[in-house]
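Below is one structure, written out as structure tokens, with a few remarks after it.
We name chains A, B, ... by the order of the sequence lines, and we start the count at 1 in each one.
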2 protein chains.
Amino acid sequence: MTADPVSAVFAALADPTRRALLARLATGDATVNELAEPFPISLQAISKHLTVLERAGLIVRTREAQWRRCRLDPAPLRTLAEWVDQYRRLWDERHDALDDYLRDLKETSRDRNP
Amino acid sequence: MTADPVSAVFAALADPTRRALLARLATGDATVNELAEPFPISLQAISKHLTVLERAGLIVRTREAQWRRCRLDPAPLRTLAEWVDQYRRLWDERHDALDDYLRDLKETSRDRNP
DNA sequence: TGTAAATTCAACTCATCGGTTAATCATCTA
DNA sequence: TAGATGATTAACCGATGAGTTGAATTTACA
């Protein structure tokens with residue numbers, strides 16, 4: 001997987017199972033078995049998902065005896081937030097335009113029905 | 001493609017070509033040919049990428065004579081920003097922890113070297 | 001009317017993805 | 001030292017993704 005980091009993060013987040021795993025990890029660290037428990041798929045599938053998340057830098061796995069403790073690393077999410085923020089002015093502008101339109105509509109209505 | 005909307009947006013953004021197309025569209029509307037020009041891949045490939053972006057709701061394509069004008073729709077990016085924001089406290093907390101550590105370090109140093 | 005331009009559709013290839021089952025590895029404990 | 005427990009690796013399968021080339025579609029215009 002030689003994809004650039006941003007692509008890797010987006011790709012990792014494109015799967016609902018992986019997003020659910022992240023959501024679970026946001027509430028605290030967990031082992032693979034604990035993470036897999038609510039899902040209707042095999043432990044191996046979960047392990048693969050965790051590998052994807054790890055390669056994207058979204059989690060860190062550490063050994064603890066026979067367990068693997070998984071911890072969420074929010075750093076890539078921060079990067080993502082910055083990426084999305086590049087576009088923030090666009091929806092802010094559009095929102096302003098809508099405001100203008102609505103204000104205009106209201107005034108026209110008021111003019112028509114004084 | 002029956003994926004949930006969030007997955008569709010993340011998947012659409014997981015490709016660098018598509019992110020580049022969005023970046024171009026952020027500077028203003030464009031036709032398919034205009035969009036394709038800087039890329040080393042076929043026009044058809046670009047057209048496919050645009051379909052993916054359109055299905056994710058990230059762009060809107062309208063007919064204008066024989067051209068297709070493409071416009072960026074930032075709404076899904078806003079949704080994304082909100083999604084990422086769920087996790088903001090995590091990196092804020094971590095940042096606070098670092099702040100604490102540094103403050104602690106400074107105080108210790110001051111205590112040692114009064 | 002017919003041709004050129006802009007774009008999409010169709011069919012195909014190859015790689016990757018998400019899932020499976022079976023086997024293997026790593027560690028604790030009796 | 002032998003199980004048992006926790007997790008990963010390997011090999012496979014069907015679906016999807018990104019790219020190609022070639023044909024079809026839509027529209028303007030000579």
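Not a single donor-acceptor pair under 3.5 Å links the side chain of Thr27(B) to the backbone N or O of Ala23(B).
Judged by distance alone, with hydrogens and angles left aside, Gln44(B) brings a side-chain donor or acceptor within reach of the base of dG22(D), the pair sitting under 3.5 Å.
Regarding Gln66(A), its CD atom lies at a distance of 20 Å from the P atom of dT24(C), rounded to whole Å. At whole-Å resolution of the value, CZ in Arg55(A) and P in dT16(C) are 11 Å apart. One atom, CZ of Arg61(A), and another, P of dA7(D), lie 10 Å apart when rounded to the nearest Å. Taking atom CG of residue Leu43(B) and atom P of nucleotide dA4(C), one finds them 19 Å apart after rounding to whole Å. Nucleotide dC28(C) holds its C1' atom 15 Å from the CG atom of Asn33(A), rounded to whole Å. The separation between Lys48(A) atom NZ and dC13(D) atom C1' is 10 Å, rounded to whole Å. To the nearest angstrom, C1' of dT20(C) lies 13 Å from CD1 of Ile46(A). If you take CZ of Arg68(A) and C1' of dC25(C), they are 11 Å apart, rounded to a whole angstrom.
Proximity of Thr79(A) to Val9(A): side-chain heavy atoms (C-beta onward) are nowhere separated by under 4.5 Å. Side chains of Arg61(A) and Arg69(A) form no contact here, defined as non-hydrogen atoms less than 4.5 Å apart. You'll find the side chain of Leu22(A) stays beyond 4.5 Å of the side chain of Arg18(A), heavy atoms only.
Here Asn33(A) pairs with nothing under the side-chain hydrogen bond (donor to acceptor under 3.5 Å, both in side chains) rule; sequence neighbours left out.
For the OP1/OP2 pair of dA7(D) and a distance below 4.0 Å, the side-chain nitrogens and oxygens of Ser47(A) include no atom meeting the criterion. For the pair His49(A) and dC17(C), the criterion of a side-chain N or O lying under 4.0 Å from OP1 or OP2 is not met.
Within residues 9-19 of chain B, the residues that place at least one heavy atom under 4.0 Å from DNA chain D are, in residue-number order, Asp15(B), Arg18(B). Only at 4.0 angstrom or more do the heavy atoms of residues 35-42 of chain A sit from any atom of DNA chain D, so none qualifies.
The residue among Thr51(A) and Trp67(A) whose nearest nucleotide of DNA chain D is located toward the 5' end is Trp67(A).
Considering Leu58(A), Val52(A), Leu53(A) as possible partners of Leu21(A), the one that fulfils the side-chain contact (heavy atoms from CB on, under 4.5 Å) test is Leu53(A).
Atom CH2 of Trp83(A) is separated from atom CG of Leu77(B) by 5.5 Å, given to the nearest 0.5 angstrom.
Salt bridge annotation for Asp15(A)-Lys48(A): absent, with no cationic side-chain nitrogen under 4.0 angstrom from a carboxylate oxygen.
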Inset, instruction - List the steps and the verdict of side chain to side chain contact (heavy atoms under 4.5 Å, CB included) for Thr62(A) and Arg71(A). - result: CA-CA 8 Å; Thr62(A) 57; Arg71(A) 158 166 303 158; over 6 Å; no
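If you check dT27(C), dT20(D), dT7(C) against the side chain of Val32(B), the one that comes closest is dT7(C).
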